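These notes are about the structure you will find just below.
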Amino acid sequence: AMARCPDLGQALQTAAQFFCLSMDDARVTLETDADQARLVVQECRPAQRPAAYAGFAHETVLMMLHGLMCWLVGRRISLVAATFAHPRPPWWREYRAMFSSELAFDGTASVVQFDARVLAAVPSRSDDEVRAFLRHAPHNFVVKFRDRNSWSARIRRRLRQAEPAHWPDLARLSTEMGVALSTLHRRLDQEGTSFREIRDSLRRDLAIDLLTHSDARVAGIADALGFSEPSAFHRAFKLWTGARPGDYRQRAARTQDSPTRA
C-alpha cells in the first residue's frame, strides 16, 4: 500500500493508520510544520504497561518506519533528532547509531524528527521489488538502507582505499568522479549525509577497531587517523561514543575477558 502512494507523506500516513488499527496500546501519527516532520508514537494508556515494554514497542515501530521510508525512496533519510517516552537505558549510546546523535528520554511521546521536504519524494519501488523486499522481512525493516551505487557509498569506498592521513578532500573527489563540487554537495545532501559525516563515521569505526584489536598507543591512533594532535582525537571520540579512548579500551577489554553467562 505504501509503495502505491503518490508521495512519501501519503505513504507514512497510510502506515500510521495501519499501526493505529493493529495496535491497541499505542497510536502512531505523522506531524508536519513548515520545516520539520515528526513520526510520533503515543501510549494510549501509559499506566497500564511497564515503560520497558512500551519503550521496546515504540523503538521497533520507529525503526521499521524509518527503514521503510529510506527503502521506498531509495536513499538514506537522516533523522534530525529522536525522543523516547521511557527513561534512558544503560545502552543509550547505541541509539546514536540506530536513530540520531540528538537524543532525549523521559518524553511524553516517542518521536523521530526529519526534514519535511522528503515527504514530497515519490516512492520508486515496483511490485516485483516489493515482493522481493517482503521475502527478506523482517530483517530489512530495521537495517538502515544502503545503496552501493549512491554517491556516499562511492565516497566511502574511495576513502577506504587510502590511509586516513592521506584522504582526499571533497574537491579532489569531485574531480575524480567527474562532477562539479556543488553538484556533489547537493547529491550528498539529497542522500541525507555530508562529506564530514562520511569521514567521521569511517574514522570512528577505525578508531574503535584499533582500540579494541591492537596495542597501539592512543597518540599513535590519533596520528594514524589524521588528527593534528591527540587532544583533537580525544574530543572527537568522546563526541562519537560518549567515552574517552582509554576508558573505551579498558571497558572493551573487561568485556572480552569476562566469562560468558548462560
Side-chain angles (χ1 to χ4, degrees), residues 3 7-8 11 63-80 94 96-102 112 114-126 128-130 132-133 135-136 139-211 213 221-228 232-233 236-237 239-241:
D7 56 48
L8 186 59
M63 286 190 69
M64 288 176 65
L65 288 175
H66 183 218
L68 282 168
M69 289 166 55
C70 298
W71 179 78
L72 280 170
V73 299
R75 65 182 178 90
R76 183 78 65 86
I77 297 171
S78 292
L79 299 178
V80 176
E94 297 177 12
R96 291 172 172 167
M98 295 160 59
F99 295 99
S100 170
S101 59
E102 296 295 325
V112 291
F114 52 96
D115 190 332
R117 291 177 295 179
V118 304
L119 296 177
V122 178
S124 57
R125 299 300 180 177
S126 66
D128 287 341
E129 288 176 308
V130 170
F133 180 87
R135 280 196 297 270
H136 294 90
H139 170 266
N140 47 12
F141 277 84
V142 295
V143 173
K144 288 183 180 290
F145 176 79
R146 290 179 176 85
D147 181 358
R148 290 186 57 80
N149 295 317
S150 68
W151 293 95
S152 55
R154 292 166 62 186
I155 290 174
R156 286 189 180 91
R157 288 196 294 271
R158 171 64 179 86
L159 294 183
R160 289 193 187 102
Q161 295 172 2
E163 296 295 327
H166 301 104
W167 279 348
D169 58 19
L170 194 60
R172 180 177 163 189
L173 287 172
S174 69
T175 301
E176 291 182 6
M177 294 179 170
V179 62
L181 178 59
S182 59
T183 300
L184 188 52
H185 271 295
R186 187 168 61 254
R187 293 287 186 265
L188 291 176
D189 183 62
Q190 290 171 348
E191 293 177 7
T193 188
S194 67
F195 180 61
R196 180 176 180 176
E197 290 179 0
I198 295 170
R199 185 181 56 193
D200 284 351
S201 68
L202 288 175
R203 277 179 161 175
R204 178 200 62 213
D205 293 347
L206 288 169
I208 289 173
D209 183 64
L210 289 169
L211 285 168
H213 297 103
I221 293 174
D223 183 64
L225 294 178
F227 286 91
S228 58
F233 171 58
F237 194 83
L239 182 64
W240 296 333
T241 66

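What you see is a predicted model, and the numbers here were worked out from it, not measured in a lab. Hydrogens, waters and symmetry mates play no part in the numbers below; they use all other heavy atoms, side chains included. Just so you know, residue 1 is the first one in the sequence shown, and it goes up from there.
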Contacts of Leu68 that satisfy side-chain contact (heavy atoms from CB on, under 4.5 Å) - sequence neighbours left out
Met2, Phe133, Phe141

Glu163 CD: over 12 foreign heavy atoms closer than 6.0 Å
no

Donor-acceptor pair, Arg125 side chain versus Trp71 backbone, under 3.5 Å?
yes

More than 12 heavy atoms of other residues, nucleotides or ligands under 6.0 Å from CD of Glu102: is that the case?
no

Might you confirm whether atom CZ of Arg186 has over 12 heavy atoms from other residues, nucleotides or ligands at distances under 6.0 Å?
yes

Taking the side chain as everything from C-beta on, heavy atoms only, tell me whether Trp240 gets closer than 4.5 Å to Ile208.
no

How many angstroms lie between CZ in Arg156 and CG in Asp205, if you round to the nearest 0.5 Å?
9.5 Å

Can you tell me how far apart CE (Met63) and CZ (Phe99) are? Round to the nearest 0.5 Å.
5.5 Å

Are side-chain heavy atoms of Ser150 and Ile155 found at a separation under 4.5 Å?
no

Closest approach of Ser124 and Gly74, non-hydrogen atoms and distance?
OG-N, 4.4 Å

Checking His185 side chain against Phe195 main chain: does a donor-acceptor pair fall under 3.5 Å?
no

Distance in Å, Ser100 OG paired with Phe114 CZ, rounded so as to fall on 0.5 Å steps:
12.5 Å

Measuring from atom CG of Leu79 to atom SG of Cys70, what distance do you get when rounded to the nearest 0.5 angstrom?
7.5 Å

Rounded to the nearest 0.5 Å, the CG atom of Leu184 sits from the CZ atom of Arg154 at a distance of 8.5 Å

Under a 4.5 Å cut-off applied to non-hydrogen side-chain atoms, are Met98 and His66 in contact?
no

Quick one: pull up CZ in Arg75 and CZ in Arg187 and give me the separation to the nearest 0.5 Å.
11.5 Å

Determine the minimum heavy-atom distance between Val73 and Ile77, stating which atoms define it.
CG2-CD1, 4.0 Å

Residue pair Leu173 / Arg158: nearest heavy atoms and the distance that separates them:
CD2-CG, 3.4 Å

Over 60° means perpendicular and under 30° means parallel, so tell me whether Phe233 and Phe237 are parallel, tilted or perpendicular.
tilted

Quick one: do Leu188 and Glu197 satisfy side-chain contact (heavy atoms from CB on, under 4.5 Å)? Show the steps, please.
CA-CA 10 Å; Leu188 291 176; Glu197 290 179 0; over 6 Å; no

Nearest heavy-atom contact between Pro164 and Gly226 is CB-N, 4.4 Å

If you take all heavy atoms of Leu8 and Pro123, which pair is closest and at what distance?
N-CD, 4.0 Å

Can you find a heavy atom in the side chain of Leu65 that is under 4.5 Å from one in the side chain of Val112?
no

Measure the shortest side-chain to side-chain distance between Asp7 and Leu119 over non-hydrogen atoms and say whether it is less than 4.5 angstrom.
no

